[in-house]
Every structure is written in C-alpha cells, then in structure tokens.
Amino acid sequence: MSKTTTETEQPPAPDDAAAERLSTAPVESDGPTGIGPFGWARWMWRQLTSMRVALILLFLLSLAAIPGSLIPQNGQNQFKVQTWKAQHTSIAPIYEKLQLFDVYSSVWFSAIYILLFVSLAGCIVPRTWQFVGVLRSQPPAAPRNLTRMPVHAAWRTSADADRVNAAAHRLLRKRGFRAHLSGGAVAAEKGYLREVGNLIFHLSLFALLGGFAWSSLAAGTGGKLMVQGEAYSNTITQLDDFTGTRFYGSQDLDPFYLKLNDFTSKFQEKGDQIGAARQFTANVEYSAGGDASKPKKSTIEVNHPLEVGGSKVYLIGHGYAPIVTVKNGQGDVVYHGAVPFLPQDGNLTSTGVVKVSDYGVGPDGNKTQLGFSGFFLPTAPLSFEGTGPRSLFPGDAAPELVLNAYSGDLGTDSGLPQNVYQLNTRKLTQMTQDGEPAKARLKPGQGWTLPDGYGSVTFEGYKQWASFNITHRPGNEIALTGAVLAILGLIGSLFIQRRRIWVRAVALPGGGTQVELAGLARSESAKIAEELAELAVDLQDDAPASEEEDSEDADAAPHDPEAEASDATVPADQNSKE
C-alpha cells in the first residue's frame with residue numbers, strides 16, 4: 001500500500017512562506033513605521049488604503065445616504081422641500097445648517113466620498129501591479145517537505161524520476177493548471193480568476209463611485225408643472241425651477257418641446273386598500289430639438305420616464321386645477337384660468353390660491369386687488385363638522401371648491417418674488433358677509449356673489465395637472481455597469497478557489513523513485529483533496545506503486561479487508577472526519 005500521512009502543521013520555513021501565501025493583498029502593518037512625522041504619515045496611508053478602512057468608509061457612505069432618501073432634496077423636488085420646511089418650522093433651520101436638504105453635495109458627504117476614492121485607489125493600484133507580477137512569474141517552487149502540507153500523498157515506484165515529473169507536468173497542464181517543471185519537481189497553480197474577480201470587484205466600486213461623481217458634476221435637474229393642454233419648451237425661462245452643477249448649466253439644457261395632452265388617474269374603489277393608486281399615466285406629445293412641427297406621441301408613467309436627447313422626463317406628481325372665473329362689479333371678466341392646487345394628504349385634499357392682480361377699481365373707488373384661498377376636495381363630505389374640509393377619496397367622485405375672499409394689496413407690484421401657491425395676507429383684508437368671514441362651497445358650474453359689490457366668482461370645472469422632473473445625469477450608465485461588474489467580480493472571488501499542487505519524484509539510493517504530491521488551497525475545502533486524489537490516480541499509469549512497498553506494508557500491518565479495498569493513492573486530508 002502507499003504511505004499517506006497527516007502530520008501536525010509546523011510553522012513554515014522562511015523559504016517556504018512565498019509558496020504557501022496565496023493572496024496578493026499587501027501585508028498590513030499594525031503600527032506606524034519609521035520615526036517622526038514621516039513614519040506617522042506612512043502608517044496613516046497604510047491604514048487608509050487597507051481593506052478594513054475601505055469597508056468602514058463604504059458603510060459610512062451608505063449611512064450618509066439615508067437622510068437623502070428620507071428628507072426632501074432641493075435637487076429633486078423643491079416644492080416638497082418648501083412644503084416640508086413650512087410644516088417643520090422649528091427644525092428646518094437646523095437641517096439647513098447641516099445641509100440635509102442637499103445631502104449629496106454636502107461637505108460631509110463629499111469628504112466621505114473622496115476618502116473612499118483615495119482608499120480604493122491606494123488599495124487597487126499596488127494590488128494590481130502585484131498580481132501582474134504573479135502572472136508574469138512562474139508558480140512558486142515546491143517546498144522542501146511536501147508531506148507537511150495539509151493535503152499530501154506519497155508512494156514508491158520503479159518508474160524513472162524524470163519520466164514521472166514529465167508525466168505530472170503533462171497531466172497538470174491538461175487539467176488547466178499553469179505548471180512549471182524545474183529542479184526535479186513540478187509546481188502548478190490554478191484559480192487566478194479568484195483574484196481577478198477580487199480586483200474587478202474593487203475596480204467596479206471605483207467605476208461606480210466615479211459614475212456617481214460624474215453625474216454629480218455634470219448633471220442638472222429641472223421641474224415643471226403642467227395643466228392638461230399646456231406645453232413648454234425646455235428652456236430656463238419656462239422651467240419652474242432648475243438646479244445645475246459645475247459642468248452643466250442653464251445653457252446646456254437639451255432642447256425639446258413637451259405638451260401634456262391628457263392625464264389618467266385610477267384609484268381602488270373597494271376593499272381594504274380603497275383609495276390606493278392604481279394608475280398614473282400622462283399622455284404627452286413631444287419633439288426633440290424644440291421643433292414642434294412634427295411632434296411624437298408617448299406616455300409617461302411612474303418609473304417609466306420619457307427619454308428625449310440626453311434628458312429623461314419623470315412623472316413625480318399629480319393633482320387638480322380648478323377653473324375659476326372672476327368678474328368685477330361691472331360684470332367684466334378680470335380673471336379666468338385653471339389654478340393648480342397642491343395635495344396635502346393621500347386623498348388629495350388640495351390647497352391653493354387665486355390672485356387677481358388686475359381687478360381694477362373697487363366699490364370704494366380705489367384701485368384694489370383680490371385674493372382667494374381655499375381647498376379643492378375631489379370627493380367632498382356632506383358636512384365639514386368634526387373633520388373640516390377634507391376629501392374622502394382621491395378620485396373626483398364629488399368635487400367641491402371651498403374659498404375665502406380677501407381684498408387689498410397682494411404685493412405683486414412690489415417686484416419681489418412670491419410663492420404662487422401662498423397668499424400673503426399682511427396687506428389684505430378678509431371680506432365679511434353677515435358679520436362672518438366670507439366663504440363659500442362651490443360645485444362645478446356654481447357661482448358666488450361677493451359681498452360689498454366686488455363682483456362674483458364662478459367654479460367652472462377642473463382639470464388635472466402633472467409635475468415632471470427633467471433630469472440630465474450622464475454618469476448613470478457608468479454606475480450601472482460598475483454595479484453589474486461588481487456583482488460578477490464578487491461571485492468570482494467567492495466561488496473560485498485559488499490552489500497550488502506540487503509533484504516531486506526523486507530517485508532513491510537503493511533503487512526506485514519516491515513520488516510525493518501536495519496541495520494547498522487558500523480556504524479549507526475538499527476540492528483540493530479531490531483534485532490531488534484524481535491526479536494521483538491518473539499518475540499511476542506512468543508511476544505505478546511498487547509491489548515491494550505493498551508487501552512490506554502488508555507484513556507490518558494486520559490484515560484489513562476494508563483497507564485493501566480502498567484506493568491506495570487517496571491523499572490524506574487533516575480536515576476529514578473519517
């Protein structure tokens with residue numbers, strides 16, 4: 001029988017360390033190297049470029065991105081930011097100082113981002129060069145004592161030692177190993193894709209961060225609210241808001257024309273999820289280049305944007321726009337139009353204002369302006385008692401418009417910018433009727449005669465509006481490619497094993513040849529033992545075990561039928577439970 005032994009592992013000899021080290025990762029230092037500032041700088045650089053610190057920075061970056069998903073951001077929707085600030089007046093200034101409304105461009109987020117960039121670069125570059133050096137060099141030479149390896153096998157044969165080494169070299173090459181025959185031994189290595197996958201993973205993270213950085217530097221975001229039937233050209237003067245970056249300004253906007261023809265919204269009408277949104281579809285027509293002579297029709301849905309040129313148009317909001325007609329005391333129409341009201345809850349209870357800045361001369365003979373604030377309720381209750389003006393359902397089952405009337409100075413002639421969705425009542429006086437504040441509940445088609453001869457207001461009907469986010473982000477494709485490659489690289493680094501096999505055939509002084517095989521894997525696994533066993537079996541054709549050795553083993557050991565039935569060349573594995 002062949003001799004297979006498992007010995008307690010001893011510390012490797014100094015010249016065997018390179019053969020047993022399967023990782024190309026740089027060796028980390030536990031403390032500062034050198035003396036003085038230069039030594040501390042080297043130590044800090046090694047800590048920054050270590051895998052441990054890179055993982056910590058990646059974890060901090062993921063934590064830092066959480067506020068960006070929970071708190072409205074200026075670069076995404078300024079309307080939501082303004083609404084959030086109005087609802088949280090006490091904490092909004094603190095958030096403003098902490099840059100929580102601009103998380104991704106904040107100083108603290110950028111600091112983590114840049115440190116992660118430097119850490120990855122400092123880790124990848126030397127590791128890549130070291131791996132290239134490993135590929136260009138030959139597999140490490142066989143250690144002096146192969147039987148000290150975790151998995152090994154040995155037997156004697158009458159075959160010539162050179163012939164055995166040549167056969168082992170041929171068999172290993174056939175199995176896909178990179179093999180080298182030198183010094184009476186064969187050194188072979190396989191599984192380089194593990195380290196390739198590891199490097200691809202880190203390079204992909206670098207590409208992912210680079211794509212994100214490029215999109216932050218060369219991206220732009222604009223917002224536009226359109227009522228059914230309205231259209232606009234993608235210029236800075238027609239956008240409601242615009243946020244540019246260092247390499248993308250208002251002059252870089254992609255030219256196109258967009259019109260909202262119709263908007264379809266559907267909500268669940270029965271069951272436990274009554275009122276849940278089921279469909280939001282904006283039917284639009286557009287043309288690239290700003291030429292509206294040959295428009296194309298398309299639809300925009302949630303998470304299904306319209307791509308025009310280098311920009312994408314996302315549907316981000318929806319609501320109702322009551323159509324209001326205001327007449328003065330003489331019966332002249334001084335205002336007519338659809339006014340978007342902003343939703344305040346899931347049932348689309350909406351608030352808004354109507355500003356009549358060109359009213360003219362009031363009943364007292366002085367120039368005046370009118371303002372109306374109120375609610376639009378898609379499904380109004382029969383009574384407001386106990387609940388106030390609140391919609392019962394987001395669909396337009398029973399629409400009503402609730403208005404309060406003011407007269408005086410709107411402040412629109414001062415030249416200062418105003419929020420079109422808020423009414424500044426500082427210089428306005430609320431109208432009264434029968435000693436009470438003047439107010440009315442109007443259904444479509446109904447009118448309201450204003451007190452004191454100010455004219456009338458008619459609720460003509462309503463339209464739906466949709467708000468769009470026009471985004472130009474050139475780095476998204478790079479980030480997506482990096483994310484996909486990172487996953488593929490991680491799979492390779494986890495499931496591919498890098499392993500080494502050595503074969504040494506040495507001629508014995510008394511005749512015959514001693515054959516030794518050993519294997520080493522980076523992680524403990526039965527695969528290296530299986531490969532070594534298969535190699536030993538295949539090598540029996542060129543180096544069969546000596547019959548003298550089998551007879552000596554039989555005389556020295558008790559008769560064991562099970563042992564005789566077992567394969568004589570199965571290598572020992574110290575991790576086996578048998």
Open item on the list: If I take atom OG from residue Ser204 and atom CD1 from residue Ile478, how far apart are they, to the nearest 0.5 angstrom?
Closed with: 12.5 Å

Open item on the list: Donor-acceptor check, side chain of Thr449 to backbone of Ser456, threshold 3.5 angstrom: yes or no?
Closed with: no

Open item on the list: I'd like to check Arg390 versus Pro381 (side-chain heavy atoms, cut-off strictly below 4.5 Å). Are they in contact?
Closed with: no

Open item on the list: Looking only at the side chains, is there a donor atom on one of Thr471 and Asn469 sitting less than 3.5 Å from an acceptor on the other?
Closed with: yes

Open item on the list: With a 6.0 Å cut-off (strictly less than), is the heavy-atom count around CG of Asp332, excluding the residue itself, greater than 12?
Closed with: yes

- [ ] Nearest 0.5 Å please: distance from the CD atom of Glu285 over to the CG atom of Asp262.
- [x] 12.0 Å

- [ ] Might you confirm whether atom CD of Glu269 has over 12 heavy atoms from other residues, nucleotides or ligands at distances under 6.0 Å?
- [x] no

Open item on the list: For Asn404 and Gln430: C-alpha separation, side-chain torsions, deciding distance, then whether side chain to side chain contact (heavy atoms under 4.5 Å, CB included) applies.
Closed with: CA-CA 8 Å; Asn404 296 304; Gln430 187 171 10; 3.9 Å; yes

Task: Flag, side chain of Ser287 to backbone of Lys294, donor-acceptor distance under 3.5 Å - done: no

Open item on the list: What I'd like to find out is whether the side chain of Asn347 reaches to under 4.5 Å of the side chain of Leu392, using heavy atoms alone.
Closed with: no

- [ ] Locate the shortest heavy-atom distance separating Ile236 from Leu253; write the atom from each residue and the value.
- [x] N-CD1, 3.6 Å

Open item on the list: Show, in sequence, the C-alpha distance, side-chain angles and deciding distance for Glu96 and Lys85, and conclude whether the side chain to side chain contact (heavy atoms under 4.5 Å, CB included) test is met.
Closed with: CA-CA 10 Å; Glu96 193 79 46; Lys85 288 181 179 179; 2.7 Å; yes

TODO: Identify the heavy atoms of Val402 and Leu377 that sit nearest to each other, and give their distance.
DONE: CG2-CD1, 4.4 Å

TODO: Determine whether more than 12 heavy atoms belonging to other residues, nucleotides or ligands lie under 6.0 Å from atom CH2 of Trp129.
DONE: no

- [ ] Would you sort out whether Ile300 and Phe263 count as a side chain to side chain contact (heavy atoms under 4.5 Å, CB included), showing the intermediate values?
- [x] CA-CA 10 Å; Ile300 306 176; Phe263 190 89; over 6 Å; no

Task: Parallel, tilted or perpendicular: rings of Phe101 and Trp84 (30°, 60°) - done: perpendicular

Task: Polar side-chain atom of Ser215 near backbone of Asn476 as donor-acceptor pair, under 3.5 Å - done: no

TODO: Please check if the distance between the ring centroids of Tyr320 and Phe341 is under 6.0 Å.
DONE: no

Open item on the list: I need the minimum non-hydrogen distance between Gln99 and Ser106, along with the two atoms involved.
Closed with: OE1-CB, 3.4 Å

Open item on the list: Donor-acceptor check, side chain of Lys367 to backbone of Tyr359, threshold 3.5 angstrom: yes or no?
Closed with: no

TODO: Without swapping roles, check the side chain of Gln73 against the backbone of Val103 for a donor-acceptor pair under 3.5 Å.
DONE: yes

TODO: Mind checking the OH-CG spacing from Tyr454 to Asn328? Nearest 0.5 Å is all I need.
DONE: 12.0 Å

- [ ] Spell out, as yes or no, whether a donor-acceptor pair under 3.5 Å connects the side chain of Glu400 to the backbone of Ala398.
- [x] no

Open item on the list: I need the single residue from Leu423, Thr429, Leu370 that forms a side-chain contact (heavy atoms from CB on, under 4.5 Å) with Tyr406. Which is it?
Closed with: Leu423

Task: Separation of Leu239 CG from Leu225 CG (nearest 0.5 Å) - done: 12.0 Å

Task: Parallel, tilted or perpendicular, as decided by the 30° and 60° cut-offs, for the rings of Tyr192 and Phe131 - done: tilted

Open item on the list: Working note: Phe117 + Phe206, criterion ring pair (Phe, Tyr, Trp, His ring centres under 6.0 Å); need CA distance, chi angles, decisive distance, verdict.
Closed with: CA-CA 7 Å; Phe117 249 107; Phe206 201 88; 4.9 Å; yes

Open item on the list: When you measure from the side chain of Trp45 to the backbone of Gly122, do you find a donor-acceptor pair of N or O atoms at a distance under 3.5 Å?
Closed with: no

- [ ] Evaluate whether atom CZ of Phe384 has more than 12 neighbouring non-hydrogen atoms of other residues, nucleotides or ligands under 6.0 angstrom away.
- [x] yes

TODO: Kindly indicate whether the side chain of Leu490, heavy atoms from C-beta on, has any atom under 4.5 Å from the side chain of Ser493.
DONE: yes

TODO: Check whether any side-chain N or O of Asp409 sits under 3.5 Å from a backbone N or O of Lys427 as a donor-acceptor pair, and report yes or no.
DONE: no

Task: Heavy-atom check, side chain of Leu258 versus side chain of Val308, under 4.5 Å - done: no

Open item on the list: Around atom CG of Leu382, are there more than 12 heavy atoms from other residues, nucleotides or ligands closer than 6.0 Å?
Closed with: no

Open item on the list: For a quick test of reading the model, state the closest non-hydrogen atom pair linking Ala64 to Trp108 and the distance between them.
Closed with: CB-CZ3, 3.5 Å

Open item on the list: Regarding Thr237 and Thr235, do their side chains bring together a donor and an acceptor under 3.5 Å, going by distance alone?
Closed with: yes

TODO: Decide yes or no for Tyr421 and Pro340: does some side-chain heavy atom of the first lie under 4.5 Å from some side-chain heavy atom of the second?
DONE: yes

TODO: Describe, in one word, how the ring planes of Phe267 and Phe393 are oriented to each other, choosing from parallel (under 30°), tilted (30 to 60°) and perpendicular (over 60°).
DONE: perpendicular

Task: Phe375 side chain near Leu401 side chain, heavy-atom distance below 4.5 Å - done: no

Open item on the list: Ignoring hydrogens, what is the shortest heavy-atom contact between Tyr286 and Ser298? Give both atom names and the distance.
Closed with: CE2-CB, 3.7 Å

TODO: Please say whether more than 12 non-hydrogen atoms of neighbouring residues, nucleotides or ligands are located less than 6.0 Å from NZ in Lys439.
DONE: no

Task: Parallel, tilted or perpendicular, as decided by the 30° and 60° cut-offs, for the rings of Tyr232 and Phe256 - done: perpendicular

Task: Beyond-backbone contact of His472 with Pro474, side-chain heavy atoms, under 4.5 angstrom - done: yes

Open item on the list: Tell me if a side-chain donor or acceptor on Gln369 pairs with a main-chain N or O of Ser357 at a distance below 3.5 Å.
Closed with: yes

- [ ] Evaluate the side chain to side chain contact (heavy atoms under 4.5 Å, CB included) criterion for residues Ile323 and His336: first the C-alpha distance (whole Å), next the side-chain angles of each, then the deciding distance (0.1 Å), finally the verdict.
- [x] CA-CA 7 Å; Ile323 303 174; His336 176 78; 3.8 Å; yes

Task: side-chain hydrogen bond (donor to acceptor under 3.5 Å, both in side chains) between Arg441 and Gln446, intermediate numbers included - done: CA-CA 9 Å; Arg441 292 180 60 176; Gln446 291 183 342; over 6 Å; no

Task: Beyond-backbone contact of Pro295 with Lys259, side-chain heavy atoms, under 4.5 angstrom - done: no

Open item on the list: Looking at every non-hydrogen atom in both residues, tell me the closest pair between Leu428 and Leu410 and how far apart they are.
Closed with: CD1-CD2, 3.8 Å

Open item on the list: For Asp254, is there any backbone N or O sitting under 3.5 Å from a side-chain donor or acceptor partner on Asn234?
Closed with: yes

Task: Heavy-atom neighbours of Lys190 NZ exceed 12 at 6.0 Å - done: yes

Open item on the list: Tell me if the CZ atom of Arg278 is crowded by more than 12 foreign heavy atoms within 6.0 Å.
Closed with: yes

